[in-house]
Every structure is written in C-alpha cells, then in structure tokens.
Amino acid sequence: MDTPSESATATDPGRRRPWFWRSLLGLLAALGLLLLGLMAWWDQEPHSRELPAFTSSTEDDAPSPVGAATTGALIAVAETLLDKRGGYLSNDVLPPGILMDNLPNWEFGALTQCRDLARALRNEFSRSQTQSLEDPDLAEADPLFSFSNDRFILPSTESQYRKAIGHVEDYRQRLLDPADPGSQFYARADNLAAYLAVVETRLGGLSQRLSASVVRSRLNTDLANDGQARQSTPAGRERSVQTGWTRIDDVFYEARGSSFALAAFLRAIDQDFARVLDDKNARVSLQQVIRELEEAQAPIRSPIILNGSPFGFFSNHSLVLANYLSRANAALIDLRKLLERG
C-alpha cells in the first residue's frame with residue numbers, strides 16, 4: 001500500500017517532472033541571452049569613412065565622368081541601409097529588431113538624406129534647364145526612395161529601395177558610357193546651391209530639435225526681416241521649446257544617421273564639383289563641413305544618451321551633437337552664398 005507522500009508525488013505533475021520546468025527556464029534564459037547578444041551586435045552604426053570609393057574608371061582607364069562619384073555615393077549609402085549588420089530594421093516585426101529603436105532612427109536620418117539627393121539628381125543635377133526632360137531612371141528612383149520606411153508586407157520597404165538603387169545604378173552606367181550622350185550630370189554652381197539650400201533646412205531643423213533636449217525659451221523670429229510678412233495663426237512673442245524625454249535619443253540617432261549620409265554625399269560632391277569649387281575658392285569650406293560631420297559620428301563612450309543640464313555635472317550628448325551640426329550648417333550657408341554670387 002502506498003504511503004500518502006508517495007501518492008502525492010505520483011499525482012503531482014510539477015513534482016513528478018521538475019526537469020521540465022528547469023529545462024524551460026534554461027531555454028528562455030538562453031533565448032534571452034541570444035536576443036541581447038544580437039541586439040548588441042546589430043546596434044553598431046556604420047561610419048561614412050567605411051564606405052567604398054565612389055569613383056570608377058572607364059574601360060580605357062580614363063578619369064571617371066562628372067557625376068560618377070555623387071551617384072556612387074547615393075548607391076553606397078542606400079545599400080548600407082539595407083545590408084549593414086542586422087539588415088534593415090525599421091520595418092521589423094519580430095525580436096530583436098522590433099525591440100530596437102536607435103538604429104531605426106539612424107536609418108531614418110540617412111534615408112532622409114538619400115531622398116533629398118535622389119530628388120536633386122532628378123530635378124537639378126541631371127537637367128540642363130528647367131524646360132529639359134528628366135531622366136527616366138531618376139524619375140522612377142525618386143518616388144521609390146519616398147516609399148514608406150516601415151512597411152513589412154508586400155511590397156516591402158526593402159524591395160522598393162532596392163528597385164530605386166537599381167534605377168540609380170542604370171543611370172550611373174549610362175554616365176560611364178561615352179557612347180551615350182543622352183545621359184548627363186551637370187556640375188554647375190546654381191544647381192549645387194539649390195541642393196545645399198535643402199541640406200541647410202535639414203541640418204537647421206535637426207540642430208533645433210537637438211538643442212531642445214533641455215527647456216529653452218525662444219523668441220518668435222518667424223516673420224523677421226519682412227515688415228509685410230503675415231502668418232495664418234497669431235503666435236506669442238516667446239515660446240517654450242522642448243523635445244520630449246522619450247524622443248531625445250530618437251532625435252539624437254536620427255541626426256547621427258543624417259550626418260553619416262551627408263558626409264558621404266559631400267565628399268562625392270567635392271570630387272564632381274571640383275572645378276566649380278576651385279573657381280569660387282570654396283573647396284576648403286566644403287571640406288571643413290565634411291570634417292564637422294565626421295566629428296559628429298565619433299564613437300559614443302556612454303551606454304546611454306545622457307541629457308544633463310547645459311552647464312551641469314553630467315554631459316548632454318544632444319547639445320554636443322547640435323554644436324557640430326550648427327557649425328556645419330553655418331559653413332554651408334556661407335558656401336551657398338558664395339556659389340550664388342556668380
């Protein structure tokens with residue numbers, strides 16, 4: 001006859017199979033460590049200096065045609081978004097990608113610069129005049145780069161961006177073909193100034209959002225310098241500006257991604273627009289902008305993005321990055337004015 005303790009052991013599944021629960025806990029712990037390891041491995045920002053060379057020689061080793069560097073830079077940055085560690089993360093719906101937000105915001109910053117350059121290629125660099133026809137490949141690439149950045153169902157974001165890269169590659173191959181005079185890239189001061197004007201607004205907006213990591217009172221300068229200017233809704237003389245604390249690291253990594261892409265694009269522009277910049281004695285100004293953007297990509301030595309007060313004991317990483325972008329933006333404004341003087 002069984003004793004009471006033996007009967008309880010025989011009828012209690014939890015006591016009868018303790019190995020099952022230990023195995024389950026061990027499996028969950030191993031899975032958690034694997035996810036943490038993948039997150040740490042994927043959470044590494046590429047640096048623009050790691051990108052391949054953008055120039056390419058023709059078959060007879062002649063110098064690359066104008067535009068080869070700029071189009072090559074766009075292709076290299078867009079491919080980096082898709083092929084870096086972990087691939088493209090912004091549309092992930094499974095862990096660990098869905099648990100990460102730093103790299104997706106970095107991707108969005110770089111993607112915004114890709115969209116701006118693709119539109120400039122379509123509307124400015126590939127057209128000799130406002131009445132000239134647009135390039136068919138660039139006309140396809142521009143809207144494809146503007147596709148939603150977080151769509152995972154068909155057609156997926158990655159598939160649309162790869163189509164856009166393919167169209168830019170086709171345009172670049174036609175530039176490299178001396179027997180195809182129908183494809184052109186025009187390196188002029190006016191179209192470069194038009195592109196830099198767009199870049200200025202991007203950097204200025206990022207700098208303002210980074211600086212708003214701490215509460216700041218801002219005077220309303222929306223209608224400054226124009227006595228007849230009007231706006232739809234009246235606004236006060238001062239306004240309080242602050243980026244929400246849950247968005248501080250998002251804006252920070254978006255600015256880092258934007259710096260990554262823009263530094264690569266401006267290095268390519270330094271090659272394609274060399275004669276224009278030398279004629280204006282402005283090449284060193286552009287190179288200083290590139291240096292500021294490269295400094296903005298320096299490795300982060302802190303495990304988290306700190307948000308200390310401006311002159312407090314702890315650092316404020318957003319204000320440091322805003323300083324680099326503000327200096328780059330000021331130099332770009334001077335460069336654009338120099339290009340517009342004729």
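Because only heavy atoms are used, hydrogens play no part in the values below, and waters and symmetry mates are left out as well, while side chains stay in. For reference, positions follow the sequence shown, starting with 1.
Considering only residues two or more places apart in sequence or on other chains, Q297 meets the side-chain hydrogen bond (donor to acceptor under 3.5 Å, both in side chains) condition with S48. Residues meeting the side chain to side chain contact (heavy atoms under 4.5 Å, CB included) test with D43, sequence neighbours left out: M100, N102, L103. Judged as a side-chain hydrogen bond (donor to acceptor under 3.5 Å, both in side chains), and not counting sequence neighbours, the contacts of D83 are R162. Annotation: side chain to side chain contact (heavy atoms under 4.5 Å, CB included) contacts of R291 (sequence neighbours excluded): Q288. Annotation: side-chain hydrogen bond (donor to acceptor under 3.5 Å, both in side chains) contacts of S315 (sequence neighbours excluded): none. With sequence neighbours left out, the side chain to side chain contact (heavy atoms under 4.5 Å, CB included) criterion links S318 to L210, S213, I248, F252, N316. Under the side-chain hydrogen bond (donor to acceptor under 3.5 Å, both in side chains) criterion, T71 pairs with R172, sequence neighbours left out. F145 pairs by the ring pair (Phe, Tyr, Trp, His ring centres under 6.0 Å) definition with nothing, not counting sequence neighbours. Qualifying side chain to side chain contact (heavy atoms under 4.5 Å, CB included) partners for R22, counting only residues two or more places apart in sequence or in other chains: P18, W19.
Distance check, rounded to the nearest 0.5 Å: CZ of F147 to CD of E158 gives 10.0 Å. For the atom pair E340 CD and R336 CZ, the distance stands at 4.5 Å (nearest 0.5 Å).
Every pair passing salt bridge (charged side-chain N to carboxylate O under 4.0 Å, His left out) that includes a residue from residues 322-333 is listed here, sequence neighbours excluded: E292-R327. For residues 104-128, every residue pair satisfying the salt bridge (charged side-chain N to carboxylate O under 4.0 Å, His left out) rule, not counting sequence neighbours, is listed here: K84-E107, D116-R202, R119-D142, R122-E134, R122-D142.
Side chain to side chain, D135 and S126 fail the donor-acceptor criterion of an N or O pair below 3.5 Å.
Through direct or relayed side-chain contacts under 4.5 Å between Ile, Leu, Val, Met, Phe, Trp and Tyr, V320 connects to Y324.
Relative orientation of the F273 and F185 rings is perpendicular, given thresholds of 30° and 60° on the angle between their planes.
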